[in-house]
Amino acid sequence: MTADGRMWRCGRYALVLDRPLVMGIVNITPDSFSDGGTFLDPVAALRHGHALAAAGADLVDVGGESTRPGSDEVPADEELARVLPVVEALALGLDIPVSVDTRHPAVARACVEVGASVVNDVSGFRDAGMIEVAAGCDAGLVVMHMLGEPKTMQAEPRYDDVVAEVRRYLAAHAAMLEGAGVAADRICVDPGIGFGKTTEHNLEIIRLLPELAELGYPLLVGASRKRFIGEITGESEPARRLGGSVAAALAAIARGASVVRVHDVAETVQALRVWQAIGGETW
Ligand code: HH2
């Protein structure tokens with residue numbers, strides 16, 4: 001069973017997918033690759049979440065662990081201390097879904113209890129504990145593909161056919177969730193741009209997104225400021241990769257992505273408004 005692709009159910013929200021949605025990023029970490037340390041203070045993180053919503057975000061995604069290539073895992077209690085007060089305050093203060101970006105069941109469970117409407121798991125609900133949390137709540141779920149672990153994922157990632165392998169992984173992990181009793185219309189899948197992929201792998205995935213859209217679940221793509229944009233353009237500073245990030249977001253949407261995860265919400269929303277006014281163009 002697959003969702004019909006027109007609705008993504010996320011707790012008390014039902015997101016209608018008749019236009020592309022923008023997920024804004026709130027990183028409460030000292031070491032995220034593009035904005036580490038900027039929003040570590042909870043008040044700064046809270047203000048940032050509100051600013052992203054005011055700029056037109058359809059969801060905000062709060063993370064307390066950097067999963068950039070080479071990063072070490074953050075203990076769940078430390079991650080929880082970073083994200084919980086911010087998730088709770090944003091869920092109370094915003095009228096859009098708040099997502100928690102975590103691989104840890106204890107963090108996911110506690111955040112859902114204080115109002116998170118989405119659990120975004122970059123490890124694709126590999127952990128039985130994450131499946132248990134998913135089955136025990138009504139939050140939306142982002143199932144992302146990652147090859148291995150953040151620590152080692154960029155050490156010569158290899159695939160015979162990257163799109164086919166990502167597709168198989170996403171189908172299998174979504175099926176596992178459905179097998180545990182999760183309704184199909186709560187599931188969104190994400191190929192995991194940059195998570196165990198070379199620049200060529202990332203480009204191939206974006207080119208062939210329609211093959212992933214065929215799975216029937218809404219597709220989320222997170223290309224914002226990522227390394228492949230730097231490799232293509234020669235821009236070494238992630239915060240200066242805005243043009244490339246917007247281009248990648250539009251290219252993903254044109255090929256069937258329903259949600260783009262971005263740092264620069266206002267600029268992405270502006271690009272999307274123009275895109276839609278022209279009539280969009282889908283492959
Ligand atoms: N990318 C990052 C983190 N979480 N979640 C999903 N679903 N898809 C993504 O592509 C994705 C994600 C990495 O970006 P960022 O959060 O800015 O960096 P860091 O992991 O260094 O905090």
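Read the numbers this way: they start at 1 and go in the same order the structure lists the ligands and their atoms.
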**Study point:** N/O separation below 3.5 Å, Gly222 to ligand 1
**Key:** yes
Review point. Would the number of heavy atoms belonging to other residues, nucleotides or ligands and lying under 6.0 Å from CD of Glu267 be above 12?
Key: yes
Review point. What residue and atom, counting heavy atoms only, is the protein's closest point to atom 16 (O) of ligand 1, and at what distance?
Key: Arg261 NH2, 2.9 Å
Check your understanding: Has ligand 1 got any nitrogen or oxygen that is less than 3.5 angstrom from a nitrogen or oxygen of Phe33?
Key -> yes
**Study point:** Lys/Arg N to Asp/Glu carboxylate O, Glu204 vs Arg207, below 4.0 Å
**Key:** yes
Review point. In terms of residue, atom name and distance, what is the protein heavy atom nearest to atom 8 (N) of ligand 1?
Key: Asp190 OD2, 2.6 Å
Point to revise | Pairing of Arg103 and Glu149 as salt bridge, 4.0 angstrom limit | key: yes
Check your understanding: Are Arg225 and ligand 1 in contact, using a heavy-atom cut-off of under 4.0 Å?
Key -> no
Review point. Taking both backbone and side-chain atoms of Asp101, is any N or O found less than 3.5 Å from an N or O belonging to ligand 1?
Key: yes
**Study point:** CD/Gln270: more than 12 non-hydrogen atoms of other groups inside 6.0 Å
**Key:** no
Point to revise | Asp61, any N or O under 3.5 Å of ligand 1 N or O | key: no
Point to revise | Residues Glu211, Arg255: salt bridge by 4.0 Å N-O rule | key: no
Check your understanding: Polar-atom distance check: Lys226 versus ligand 1, any N or O pair below 3.5 Å?
Key -> yes
Exercise for review: Please could you name the atoms of ligand 1 that Arg68 approaches to less than 4.0 Å, counting only its heavy atoms?
Suggested key: 20 (O), 21 (O)
Review point. Polar-atom distance check: Ser66 versus ligand 1, any N or O pair below 3.5 Å?
Key: yes
Practice item. Go through ligand 1 atom by atom and flag the ones less than 4.0 Å from a non-hydrogen atom of Ser32. Key: 19 (P), 21 (O), 22 (O)
Check your understanding: In terms of side-chain geometry, is the basic nitrogen of Asp101 or Arg261 positioned less than 4.0 Å from the acidic oxygen of its partner?
Key -> yes
Check your understanding: For ligand 1, which atoms have a heavy atom of Val122 less than 4.0 angstrom away?
Key -> 4 (N), 5 (N), 12 (C)
Check your understanding: Can we say Asp72 and Lys151 salt-bridge, meaning some charged N sits less than 4.0 Å from an Asp/Glu carboxylate O?
Key -> yes
Check your understanding: Under 3.5 Å between some N or O of ligand 1 and some N or O of Asp35?
Key -> no
Practice item. Under 4.0 Å from a heavy atom of Val142: give me the atoms of ligand 1 that qualify, with their elements. Key: 7 (N)
Point to revise | ligand 1 contact by Thr67, heavy-atom criterion under 4.0 angstrom | key: yes
Practice item. May I ask you to decide whether Arg68 forms a salt bridge with Asp31, counting only side-chain N to carboxylate O separations under 4.0 Å? Key: yes
Revision key, fill the gap. So the atoms of ligand 1 within less than 4.0 Å of a heavy atom of Asn120 turn out to be 5 (N), 6 (C), 7 (N)
Revision key, fill the gap. Ligand 1 to His263, heavy atom cutoff 4.0 Å, flagged ligand atoms 17 (O)
Check your understanding: Taking the inter-plane angle between the rings of Tyr169 and His145 on a 0 to 90° scale, is it parallel (under 30°), tilted (30 to 60°) or perpendicular (over 60°)?
Key -> perpendicular
Check your understanding: Would a hydrophobic clustering, with Ile, Leu, Val, Met, Phe, Trp and Tyr connected at side-chain separations under 4.5 Å, put Val163 with Ile253?
Key -> yes
Check your understanding: Going by an N to O cut-off under 4.0 Å, is there a salt bridge joining Glu113 and Arg109?
Key -> no
